[in-house]
Amino acid sequence: MRSNGERQYRWADEALAVLDTPEDYHFDEALAYLNRSESECLHQVEGRTVYKALDIGGEPVLMAIGMGIVEEAQGRTVTVRFLNGRPEEERVGRSIAFIREWMDLDTDISGFYRIGGQDPLLGPVIERYRGLRLIGVPSLFEALCWTVAGQQINLAFAYTLKKRLVEAFGSRIVHEGREFMLFPSAEQIASLQPEELRELKFTGSKAETLIRIARLIQEGELSKEGLLELGDFREAEKKLISVRGIGPWTANYVMMRCLRNRDAFPLADVGLHNAIRRRLGRTEKPSLPEVEDMGARWAPWRAYATFYLWSTLTES
DNA sequence: AACCAGGAAACCG
DNA sequence: CGGTTTCATGGT
């Protein structure tokens with residue numbers, strides 16, 4: 001088990017860190033999820049490597065995240081190569097902490113396998129995707145933007161909107177011919193007028209919501225730390241829903257992927273409904289009460305159940 | 001070319 | 001309240 005302050009990595013060479021991973025971990029399952037859209041702009045999958053940039057203390061850290069260097073551990077370990085030079089120790093620590101949170105390397109999910117393994121609908125899915133962990137969106141602002149942008153539109157268009165937002169207001173770093181994108185800060189979006197987002201084809205309501213969220217975060221009225229400190233996740237959900245433009249689906253999606261509440265449940269999620277429909281071999285989507293009943297069986301792992309079911313959607 | 005998309009708010013009886 | 005309509009654009 002992890003203890004605070006304990007190092008979660010060792011150096012294999014000057015710029016290659018090797019991360020400890022939990023048992024029952026399979027990097028390839030994470031890769032498959034990360035690689036599900038061609039339009040993803042905030043990371044890039046090439047072969048069995050993920051390229052990603054972070055802004056750590058105002059300076060970019062460019063990383064190639066890949067497999068273990070020991071053959072027998074391939075797929076069960078994670079390595080991080082720092083492409084633009086090995087940062088000072090504190091920034092390395094923050095980068096590694098980001099990866100561990102992103103990939104959810106510090107949660108014991110054996111309880112999910114126990115509960116879900118018994119379930120007729122979820123059991124086969126767990127069997128198929130065992131070793132997959134819930135890929136997060138550690139930045140609250142990015143998570144909220146992605147979720148609000150994705151309301152009531154198909155995923156392909158959601159990725160297009162995100163890409164336009166990043167290209168218009170984020171930043172771009174080119175290193176050895178490879179392009180890295182950074183998501184805009186809340187401050188950058190807070191100063192915009194809704195028209196500037198409408199030009200990117202956000203709806204008026206989404207444009208206003210994104211700017212509203214950016215301002216709340218800039219003012220410190222909304223923060224990841226603040227939401228986590230509420231302790232009771234129902235309070236965090238209430239706080240999120242109190243923002244105009246954030247409803248139950250968005251709140252639960254963000255709790256699932258950013259606050260890492262393993263029991264958050266985006267009940268109205270169309271992807272979840274389609275995954276359930278297909279697992280049941282039906283033509284009709286399940287009713288909301290049906291989805292609620294299934295969710296009750298999966299508690300307190302409803303977020304993990306949802307994420308595993310999402311993964312089945314990429315199977316033709 | 002109609003129908004739907006990883007919803008939310010406003011509206012209505 | 002609980003159901004219905006509107007928003008708004010692009011993918012398939």
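Just the heavy atoms: all of them, side chains too, but no hydrogens, waters or symmetry mates, feed the values below. Chain A is the first sequence line, chain B the second, and so forth, proteins listed ahead of strands; every chain is numbered from 1. Just so it is clear, the model here is predicted, and its values are computed rather than measured.
Residue-to-nucleotide proximity on DNA chain B shows that, of R257(A) and R244(A), the 5′-proximal contact is made by R257(A). Positionally, the nearest nucleotide of DNA chain C for G204(A) lies more toward the 5' end than for the other of N154(A) and G204(A). Comparing I153(A) and V243(A) by the nucleotide of DNA chain B that holds the closest heavy atom to each, the one mapping nearer the 5' end is I153(A).
Hydrophobic clustering (ILVMFWY, side-chain heavy atoms < 4.5 Å, transitive): V137(A) and W102(A) are in distinct clusters. The hydrophobic cluster containing I96(A) also contains M63(A), counting ILVMFWY residues as joined when their side-chain heavy atoms lie under 4.5 angstrom apart, directly or transitively.
The side chain of K285(A) contributes an N or O atom lying less than 4.0 Å from OP1 or OP2 of dA5(B). Under 4.0 angstrom from either OP1 or OP2 of dG10(C) there lies no side-chain N or O belonging to T160(A).
In this structure, OH of Y159(A) is placed 15 Å from C1' of dG11(C), rounded to the nearest angstrom. Following rounding to the nearest Å, K201(A) (NZ) and dC7(C) (C1') show an atom-to-atom distance of 15 Å. A straight line from CD of E284(A) to C1' of dC4(B) spans 14 Å, rounded to a whole angstrom. Straight-line distance from the OH atom of Y253(A) to the P atom of dA8(B): 13 Å, rounded to whole Å. Taking atom CD on E208(A) and atom P on dA10(B), their separation rounds to 11 Å, with Å as the unit. At whole-Å resolution of the value, NZ in K162(A) and C1' in dA5(B) are 17 Å apart. Distance L313(A) CG to dC4(B) P: 17 Å, rounded to the nearest Å. Separating the CG atom of L200(A) from the C1' atom of dA8(C) is a distance of 15 Å, rounded to the nearest angstrom.
Taking the centre and axis of the six-membered ring of F27(A), the NZ or CZ atom of R48(A) falls outside the cone set by 45° and 6.0 Å.
With distances taken from any side-chain atom of A156(A) to the nucleotides dT9(C), dA8(B), dG11(C), the minimum falls on dG11(C). Minimum atom distance to the side chain of F157(A) is reached by dG10(C), of the listed dG10(C), dA5(B), dA8(C). Checking dG10(C), dA8(B), dA10(B) against the side-chain heavy atoms of P248(A) singles out dA8(B) as nearest. The side chain of R198(A) sits closest to dA8(C) out of dA8(C), dA5(B), dG11(C).
Ring pair Y308(A)/F112(A) is perpendicular by interplanar angle, where above 60° counts as perpendicular and below 30° as parallel.
Here F202(A) lies out of heavy-atom contact (under 4.0 Å) with every strand. Residue T250(A) is classed as a sugar-phosphate contact, given heavy-atom separations below 4.0 Å to backbone atoms only. At the heavy-atom level, L161(A) lies nowhere under 4.0 Å from the strands shown. Among the atoms of the strands shown, none is found under 4.0 Å from any heavy atom of F265(A). Heavy atoms of S205(A) sit nowhere under 4.0 angstrom from any nucleic acid atom.
Counting distance only, with no hydrogens placed and no angle test, the side-chain atoms of Q151(A) and the base atoms of dA8(B) include no donor-acceptor pair under 3.5 Å.
Between I153(A) and L161(A), some side-chain heavy-atom pair lies under the 4.5 Å cut-off.
As rounded to the nearest Å, dC3(B) and dT5(C) have P atoms that lie 16 Å from one another. Nucleotides dA8(C) and dC11(B) are separated by 14 Å at their P atoms, to the nearest Å.
In this structure, the ring pair (Phe, Tyr, Trp, His ring centres under 6.0 Å) partners of Y159(A), at least two apart in sequence or on a different chain, are W146(A).
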